[in-house]
Chemist: 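Input: one structure, supplied below.
Residues: numbered from 1 along the sequence shown. Only a predicted model underlies this, so the values are computations on that prediction, with no experimental measurement involved.
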Amino acid sequence: PVPSGNHCLWRQDAAGPGGPAGACSTIRPYVRGTSMTSVDGTTTNMCSLRVSTCESQTAFSMFNCMTLNAAGDASCGQPALHDGVCRMLDAASNRCTVFCISDDDCRGGVVCDTGASPAVCLF
């Protein structure tokens with residue numbers, strides 16, 4: 001297993017603004033509830049990502065990956081994991097996107113292009 005890090009997951013019981021308040025399905029793309037142990041040894045239920053990583057979610061639509069090839073894909077998350085890909089945003093730029101199973105794996109109002117192979121979140 002690859003460590004998930006500590007910089008983008010929600011505690012499932014977080015009740016603050018935008019928090020899941022017990023239901024991971026309310027905070028796309030963090031739809032999967034799972035028990036995790038923090039670096040200080042605390043075990044709690046977290047809302048995590050199903051098919052991407054924190055790094056690829058951070059790069060989503062924000063990073064101009066330049067080339068539509070393996071080098072561009074490698075800049076869209078964890079290179080060794082192939083967790084993000086470079087896709088054309090428009091005639092002037094390419095951006096990073098993430099893999100998805102359904103719309104739940106994409107941020108907010110973004111939809112999953114399940115007709116693509118592999119399926120990716122649209123911009």
Side-chain angles (χ1 to χ4, degrees):
V2 176
S4 58
N6 63 356
H7 55 281
C8 82
L9 306 179
W10 277 97
R11 282 181 59 116
Q12 191 168 345
D13 62 359
C24 294
S25 62
T26 64
I27 55 166
R28 287 174 45 183
Y30 306 99
V31 298
R32 183 179 66 166
T34 188
S35 178
M36 295 182 144
T37 303
S38 68
V39 294
D40 66 358
T42 302
T43 299
T44 189
N45 288 330
M46 302 292 290
C47 295
S48 65
L49 303 160
R50 284 193 298 190
V51 292
S52 60
T53 63
C54 292
E55 291 80 8
S56 63
Q57 284 292 333
T58 299
F60 175 76
S61 191
M62 300 298 289
F63 183 73
N64 189 345
C65 45
M66 307 300 278
T67 58
L68 299 173
N69 57 23
D73 292 350
S75 65
C76 295
Q78 290 282 336
L81 298 179
H82 188 61
D83 56 339
V85 290
C86 187
R87 295 291 188 259
M88 183 181 290
L89 174 66
D90 58 30
S93 67
N94 302 316
R95 298 287 172 94
C96 293
T97 189
V98 296
F99 299 114
C100 53
I101 296 169
S102 72
D103 294 348
D104 286 340
D105 299 308
C106 303
R107 291 181 181 183
V110 176
V111 298
C112 178
D113 182 2
T114 56
S117 182
V120 295
C121 295
L122 296 173
F123 300 110

Chemist: F99 and P118: which non-hydrogen atoms are nearest, and at how many Å?
Modeler: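 The pair with the smallest heavy-atom distance is CE2-CG, 3.3 Å.
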Chemist: Who passes side-chain hydrogen bond (donor to acceptor under 3.5 Å, both in side chains) against D13, sequence neighbours left out?
Modeler: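 side-chain hydrogen bond (donor to acceptor under 3.5 Å, both in side chains) list for D13, sorted by chain: R11.
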Chemist: Taking distance alone, no hydrogens or angles, what donor-acceptor pairs closer than 3.5 Å link side-chain atoms of residues 107-117 to residues at least two apart or in another chain?
Modeler:
from, atom 1, to, atom 2, distance (Å)
R107, NE, Q57, OE1, 3.4
R107, NH2, Q57, O, 2.2
D113, OD1, G115, N, 3.1
D113, OD1, A116, N, 3.4

Chemist: Between T97 and R95, is the side chain to side chain contact (heavy atoms under 4.5 Å, CB included) condition met? List the steps.
Modeler: CA-CA 7 Å; T97 189; R95 298 287 172 94; over 6 Å; no
Chemist: Please determine whether side chain to side chain contact (heavy atoms under 4.5 Å, CB included) holds for the pair Q78 and S56, giving the CA-CA distance in whole Å, both sets of side-chain angles, and the decisive distance to 0.1 Å.
Modeler: CA-CA 7 Å; Q78 290 282 336; S56 63; over 6 Å; no
Chemist: Please report whether the SG atoms of C121 and C100 are separated by less than 2.5 angstrom.
Modeler: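 Taking the criterion (SG atoms under 2.5 Å apart), C121 and C100 fail it, so no.
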Chemist: Starting at CD of Q12, measure out to OG of S48 and round the result to the nearest 0.5 Å.
Modeler: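 These two atoms lie 9.5 Å from each other.
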Chemist: Would you mind telling me which of D104, D105, L49 makes a side-chain contact (heavy atoms from CB on, under 4.5 Å) with Y30?
Modeler: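 Result for side-chain contact (heavy atoms from CB on, under 4.5 Å) with Y30: L49.
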Chemist: So, C86 with C65, SGs under 2.5 angstrom?
Modeler: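 Yes, disulfide present: SG-SG under 2.5 Å.
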Chemist: Determine all donor-acceptor pairs shorter than 3.5 Å in which one atom belongs to a side chain in residues 39-47; sequence neighbours excluded.
Modeler:
from, atom 1, to, atom 2, distance (Å)
D40, OD1, S38, OG, 2.2
D40, OD1, T42, N, 3.2
D40, OD1, T42, OG1, 3.1
T43, OG1, T37, OG1, 2.9

Chemist: With sequence neighbours excluded, what pairs up with D73 under the side-chain hydrogen bond (donor to acceptor under 3.5 Å, both in side chains) test?
Modeler: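 Listed in chain order: nothing, the list is empty.
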Chemist: What pairs with S102 under side-chain hydrogen bond (donor to acceptor under 3.5 Å, both in side chains), at least two apart in sequence or on another chain?
Modeler: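 Partners of S102 under the side-chain hydrogen bond (donor to acceptor under 3.5 Å, both in side chains) test: R50.
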Chemist: Hydrophobic side-chain clustering at under 4.5 Å (ILVMFWY, transitive links): who's grouped with L68? Put none if nobody.
Modeler: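 Members besides L68, by chain and number: M88.
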Chemist: Between V85 and F63, is there a shared hydrophobic cluster once you connect ILVMFWY residues whose side-chain heavy atoms come closer than 4.5 Å?
Modeler: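 In one cluster: no.
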Chemist: To the nearest 0.5 Å, what is the distance between SG (C76) and NE2 (H82)?
Modeler: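 These two atoms lie 10.0 Å from each other.
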Chemist: Say you draw a straight line from CG of N64 to CG of N94; how long is it, rounded to the nearest 0.5 Å?
Modeler: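 N64 CG to N94 CG: 6.0 Å, rounded to 0.5 Å.
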Chemist: Within this structure, what is the CZ-SG distance for the pair F123 and C106, rounded to the nearest 0.5 Å?
Modeler: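 The SG atom of C106 is 10.5 Å from CZ of F123, to the nearest 0.5 Å.
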